[in-house]
Amino acid sequence: SYNSLQVTAIQRLSHGLTFNFNYTWSRNVGNDGTNRSGFDIPAAAISGGTQNYHQGRIERSQTVVNSPHVINGFGVWSLPLGKGHLGGTNWMSRALLSGWQLSGIYTYASGTPVLVTYGGCNSPGQGQCMPDLNPAFSGSARINGGFGGGTNGRTACNLGQGIGCTAVKYFDTKGFKAPAVVSPAGVTAITLLGNAPRTGALHLINPASQNLDSALKRSISLPKEMAFVLEVDCFNTCNHTVFSSPNAVWGSAAFGTIG
């Protein structure tokens, strides 16, 4: 199920300015996905053995695409300079300042919940292996500051890029533990289903993403309704890094690292 609050603010062209701003606050909940989407009751446990009911409610949680906060905005501003505006009384300033336009596009999406899995078990036969939550753990499972950061600031070495570099872990391994294993006589050992939530265990969230593209343009009028246009486009104006999701396979040496 998807529920949201959506807000839109629009400025129609007035005094050279127009913009469109959209904000969505949402929650996407379900038990669908590529793993852990519910478990079948064995047919032998049902009277008559003819039906298999899917137990999906136990796995109902935030979906892996749940991004609670999303912002999109764009705007265009014809700068009030030159002809008919500031500096319009002087021929030189009119020639230099007229026709300039500034525009931009901004996008932001908050991080999605982390899907923690377990890579060290035999599949329980009903979906993906998951770890248990460690009852002895307390505090935040997010460690080592913001994504991309480390003791030496935000460097590529924190992502394991470079000679002698070790990727920084942003998830605390101690927040989880291996699920129990049962070994009945004469039966292959079976790893029980871990009790960690399907998504967002210990409130772990993947990196958010944001980007700003901007442009500066000047239009110079020519005869016969023609114009000469000069334009400079700048993508990712703030030079903001968009990180991939950290490794979320508990038991892996790379758990909690980005690389």
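The analysis underlying the following values was restricted to heavy atoms, covering all of them including side chains, and did not include hydrogens, waters or symmetry mates. Not measured: the values here are computed from a predicted model.
Trp100 has its side chain out of reach of Lys217: every pair of non-hydrogen atoms, C-beta onward, lies at least 4.5 Å apart. Contact of the Val249 side chain with the Tyr118 side chain is not registered, since no non-hydrogen atoms from C-beta on lie closer than 4.5 Å. Here the side chains of Phe243 and Ile258 are in contact, with some heavy-atom distance below 4.5 Å. Using a 4.5 Å cut-off on side-chain heavy atoms (C-beta onward), Leu133 and Leu202 make contact. Residues Pro197 and Ser61 form no side-chain contact, since every pair of their non-hydrogen atoms from C-beta on lies 4.5 Å or further apart. Side chains of Leu5 and Ser26 form no contact here, defined as non-hydrogen atoms less than 4.5 Å apart. Two residues are said to be in side-chain contact when any heavy atoms from C-beta on lie closer than 4.5 Å; Lys169 and Thr257 meet this criterion. Residues Asn28 and Val65 form a side-chain contact, since some pair of their non-hydrogen atoms from C-beta on lies under 4.5 Å apart.
Listed here is the closest heavy atom pair of Gly148 and Leu159: CA-CD2, 4.3 Å.
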**Request:** Kindly indicate, with the supporting measurements, whether the criterion side chain to side chain contact (heavy atoms under 4.5 Å, CB included) is fulfilled by Ile71 and Phe21.
**Result:** CA-CA 8 Å; Ile71 298 173; Phe21 173 86; 3.6 Å; yes
**Message:** Go through it in stages, so that I can follow the logic: the residues are Met130 and Leu115, the test is side chain to side chain contact (heavy atoms under 4.5 Å, CB included), and I'd like the CA-CA distance, side-chain angles, deciding distance and then a yes or no.
**Reply:** CA-CA 9 Å; Met130 298 293 213; Leu115 175 65; 3.8 Å; yes
**Message:** Run Tyr106 and Gln210 through side chain to side chain contact (heavy atoms under 4.5 Å, CB included) and show every step you take.
**Reply:** CA-CA 7 Å; Tyr106 177 76; Gln210 63 175 317; 2.8 Å; yes
**Request:** Take Trp250 and Thr173, measure what side chain to side chain contact (heavy atoms under 4.5 Å, CB included) needs, and give me the verdict at the end.
**Result:** CA-CA 7 Å; Trp250 189 80; Thr173 304; 3.3 Å; yes
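In this structure, a donor-acceptor pair under 3.5 Å is absent between the side chains of Thr107 and Asn72. Checked by atom type, the side-chain pair Thr8/Asn22 shows a donor-acceptor distance below 3.5 Å. A donor atom on one side chain and an acceptor atom on the other are found under 3.5 Å apart for Asn211 and Asp213. No side-chain donor from either of Ser67 and Thr112 sits under 3.5 Å from a side-chain acceptor of the other.
Cation-pi check for Arg154 over Phe147 is not met; the charged atom does not lie both under 6.0 angstrom from the ring centroid and within 45 degrees of its normal.
In this structure, His69 and Trp25 have parallel ring planes: the angle between them is below the 30° cut-off, well short of the 60° mark.
For the atom pair Leu216 CG and Leu102 CG, the distance stands at 6.0 Å (nearest 0.5 Å). With rounding to the nearest 0.5 Å, the separation of CD in Gln6 from OG1 in Thr24 is 4.5 Å.
With a 6.0 Å radius and a threshold of 12 heavy atoms from other residues, nucleotides or ligands, Trp77 has its CH2 atom at or below the threshold. Crowding of His15 atom NE2: a count of heavy atoms from other residues, nucleotides or ligands under 6.0 Å not exceeding 12.
Contacts of Asp172 classified as side chain to side chain donor-acceptor pair (under 3.5 Å), with partners at least two apart in sequence or in another chain: Lys174.
The hydrophobic clustering, which links ILVMFWY residues whose side-chain heavy atoms are closer than 4.5 Å, places Phe137 and Val116 together. When hydrophobic clusters are built by joining Ile, Leu, Val, Met, Phe, Trp and Tyr residues whose side-chain heavy atoms come closer than 4.5 Å, directly or via intermediates, Val29 is not grouped with Val64. Neither Ile143 nor Leu204 shares a network with the other; the hydrophobic side chains, linked directly or stepwise wherever heavy atoms of I, L, V, M, F, W or Y lie under 4.5 Å apart, form separate groups for each.
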